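Written below as structure tokens is the structure these notes are about.
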Amino acid sequence: MKKEKAKKNWSSFSYIKDSISQTLAKNYGILLVFLGAFLACVLISFFVISSTETVMAYSASEFEVGQIADKTIVSDVSLPPDAAYPFSVEEGEKIVRKGFPVTEIGLSKLEKLAAAPEYIDYKALSDGVLFLMLLAAMTFFLFNPIFCGTSVSLKEAILLAVFFVATHGLAGVGSLVQPFNQPYNLPIILPCTLFVLLVTVMFSQTHGVIFSFILSLGVLNAHQENIIPSLFVLASCLASTRVVRSISRRIEMVFSSLLIGMLNLVFMLTLKIVFLASFSSMIFTLLMVSLNGFISGILALGFLTPLESLLNTASAFRLMELGDTRNAVLEALQTKAAGTYSHSMMVSQLAEKACRAIGANDVLARVGALYHDMGKMDQSEYFVENQSGENKHDGLKPSMSASILRGHLKKGIEKAEQMRLPKEVIDIIAEHHGNSVIKGFYAKAKTLDPNVSPEEFRYSGNPPSSKESAVVMLADTVEAACHTLEKPSVPNLEVFIHQLVMDKLEHGQLDNANITFKELARIEKVFVDVLAGYYHSRIKYPDQKELEEESRAEEQVAT
């Protein structure tokens with residue numbers, strides 16, 4: 001029994017160790033970025049601490065003459081007398097003893113030690129470095145898909161690292177400069193709201209929320225004397241992620257900026273009331289933090305376009321621009337492959353509504369669906385939705401037909417890369433058939449050669465890796481297959497669509513999409529509702545044929 005338990009524990013440990021090893025191997029580039037950001041923050045901390053008047057992480061202002069000390073402070077350097085402090089301090093000297101009152105000479109020596117350029121408070125530095133190490137580890141795991149389902153690319157990691165180092169540096173340097181060394185004034189110079197706005201709009205609200213906590217902890221590390229700047233940063237950043245989570249037009253950023261400015265004013269006023277702070281400089285502080293929020297939104301609007309281009313991100317604004325059906329690529333698709341264009345429009349409608357129903361990115365799904373079949377433009381006549389009468393595949397071997405069908409994926413990816421579409425959209429194009437078998441031509445090949453392998457008729461892509469990609473796959477399958485239904489009534493659609501979805505599930509096409517059965521049920525319902533309305537609008541009324549004939553007869557008489 002003990003052996004079995006030990007074996008089970010060892011197996012679990014081995015699994016965890018292997019998972020960590022694989023994670024580190026796949027993300028070594030991101031790890032190097034985090035290491036570089038960590039070292040930069042350590043250098044900033046060293047500079048700030050060497051300029052700060054603290055001893056063993058305690059400020060000299062914390063002590064008073066006659067106060068009973070609760071700690072012992074020992075000097076680790078020797079300092080000669082000077083004009084400001086005409087007495088010496090010896091290395092190893094106990095300046096303050098725990099349990100004894102602080103003397104006047106002891107307090108003077110503390111102040112001399114804290115002000116001396118030769119003295120560096122390594123205790124405070126080590127505390128800060130340890131905090132940064134824990135924060136770096138936490139950040140790595142929070143932005144890891146295995147642990148939290150959230151990931152960043154190398155470019156995105158570099159951007160986040162730059163933002164964090166800039167925030168940490170400004171918070172550290174600002175704590176040394178008047179008037180920003182006051183806890184309520186420090187947030188005035190921090191660009192945290194700007195950075196979180198950019199992260200939220202370019203990546204997602206989840207990324208923005210996680211980064212809000214990371215930035216607030218970074219400010220806390222840089223300004224260890226007071227938690228107030230960190231609390232303000234956290235409140236302001238979290239509110240910003242909520243304000244811009246659903247904007248789709250750039251002009252909306254201006255109104256969001258005004259709202260963020262007002263919220264910053266409320267947050268700062270609340271902190272002053274809660275912590276019973278002095279209201280002597282309240283107007284200046286409130287106006288400046290409000291201005292910080294407004295300017296952050298305006299600057300975010302200005303920085304979005306170059307950052308979107310540089311990082312090639314699927315931001316809400318970029319997706320809305322790509323979703324404009326008047327762009328050259330979609331107009332070319334409509335001209336060269338009208339059937340494919342109509343199919344893509346219907347798939348985009350299905351995918352958009354289904355993603356909205358399950359809380360996924362509906363705009364990304366819509367754009368991915370619009371472009372998912374653009375690889376068919378060069379040989380549009382080989383795809384059934386563009387054919388009228390003659391079938392080009394009748395004179396081809398099944399293997400050749402399958403090769404042509406597989407080719408539209410490769411061509412679509414090539415076109416997407418030439419257009420510099422975001423990676424998320426390219427993934428949808430590459431994954432909308434997964435690695436499923438082309439059943440029609442495989443069945444035809446089986447009649448010619450019973451020993452033919454299904455691998456010869458399998459798409460070369462990977463199963464969908466996101467909910468949006470999975471929904472587009474299902475919408476593509478359902479839209480194409482439902483054209484074969486003779487009586488597309490609601491009950492028939494429900495049964496048929498459920499069979500199609502379960503077939504994808506049983507063949508492992510949804511294994512990597514992190515999609516639940518409850519979400520699949522919602523997706524099926526949306527598909528049924530949309531397609532039932534579509535087919536109902538195409539059903540002719542009983543007397544419609546007679547009305548059409550009478551109308552044609554009247555036209556002939558009139559002419």
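Side-chain atoms are counted along with the backbone in the values below, which use heavy atoms only and exclude waters and symmetry mates. Please read all numbers here as calculations on a predicted model, not as lab measurements. One is the number of the first residue; the rest follow in order along the sequence.
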Ignoring hydrogens, what is the shortest heavy-atom contact between A300 and L197? Give both atom names and the distance.
CB-CB, 4.1 Å
Could you tell me which non-hydrogen atom of A481 sits nearest to which non-hydrogen atom of L500, and how far apart they are?
CB-CD1, 3.7 Å
Roughly how far, to the nearest 0.5 Å, is the [atom2] atom of [Y] from the [atom1] atom of [X]?
X    : Y    : atom1 : atom2 : value
I358 : T516 : CD1   : OG1   : 7.5 Å
F527 : L493 : CZ    : CG    : 12.0 Å
I429 : M374 : CD1   : CE    : 4.0 Å
I228 : H223 : CD1   : NE2   : 9.5 Å
K504 : H433 : NZ    : NE2   : 7.5 Å

When you check the gap from the basic side-chain N to the acidic O, do K411 and E414 get nearer than 4.0 Å?
no
Assess whether a salt bridge exists between D362 and R366, defined as any Lys/Arg side-chain N lying under 4.0 Å from an Asp/Glu carboxylate O.
no
When T193 is tested against each of S236, S212, S240 for side chain to side chain donor-acceptor pair (under 3.5 Å), which residue passes?
S236
For a side chain to side chain contact (heavy atoms under 4.5 Å, CB included) check, start with the C-alpha distance between L307 and L159, then their side-chain angles and the critical distance, and finish with the verdict.
CA-CA 9 Å; L307 286 175; L159 183 70; 4.1 Å; yes
Heavy atoms from other residues, nucleotides or ligands near CZ of R420 exceed 12 (cutoff 6.0 Å)
yes
Fit a plane to each ring of H408 and Y459, take the angle between them on a 0 to 90° scale, and name the class: parallel (under 30°), tilted (30 to 60°) or perpendicular (over 60°).
perpendicular
Between the side chain of [X] and the main-chain N/O of [Y], is any donor-acceptor distance below 3.5 Å?
X    : Y    : answer
N514 : K467 : no
Q182 : P179 : no
S290 : L286 : no
N386 : S380 : yes

Please determine whether side chain to side chain donor-acceptor pair (under 3.5 Å) holds for the pair S342 and E385, giving the CA-CA distance in whole Å, both sets of side-chain angles, and the decisive distance to 0.1 Å.
CA-CA 9 Å; S342 299; E385 66 267 21; over 6 Å; no
Audit row: R458, E455, salt bridge (Lys or Arg N to Asp or Glu O under 4.0 Å) steps and yes/no:
CA-CA 5 Å; R458 190 179 296 278; E455 299 303 317; 3.1 Å; yes
Please determine which of L311, V367, L322 meets the side chain to side chain contact (heavy atoms under 4.5 Å, CB included) test together with P422.
L322
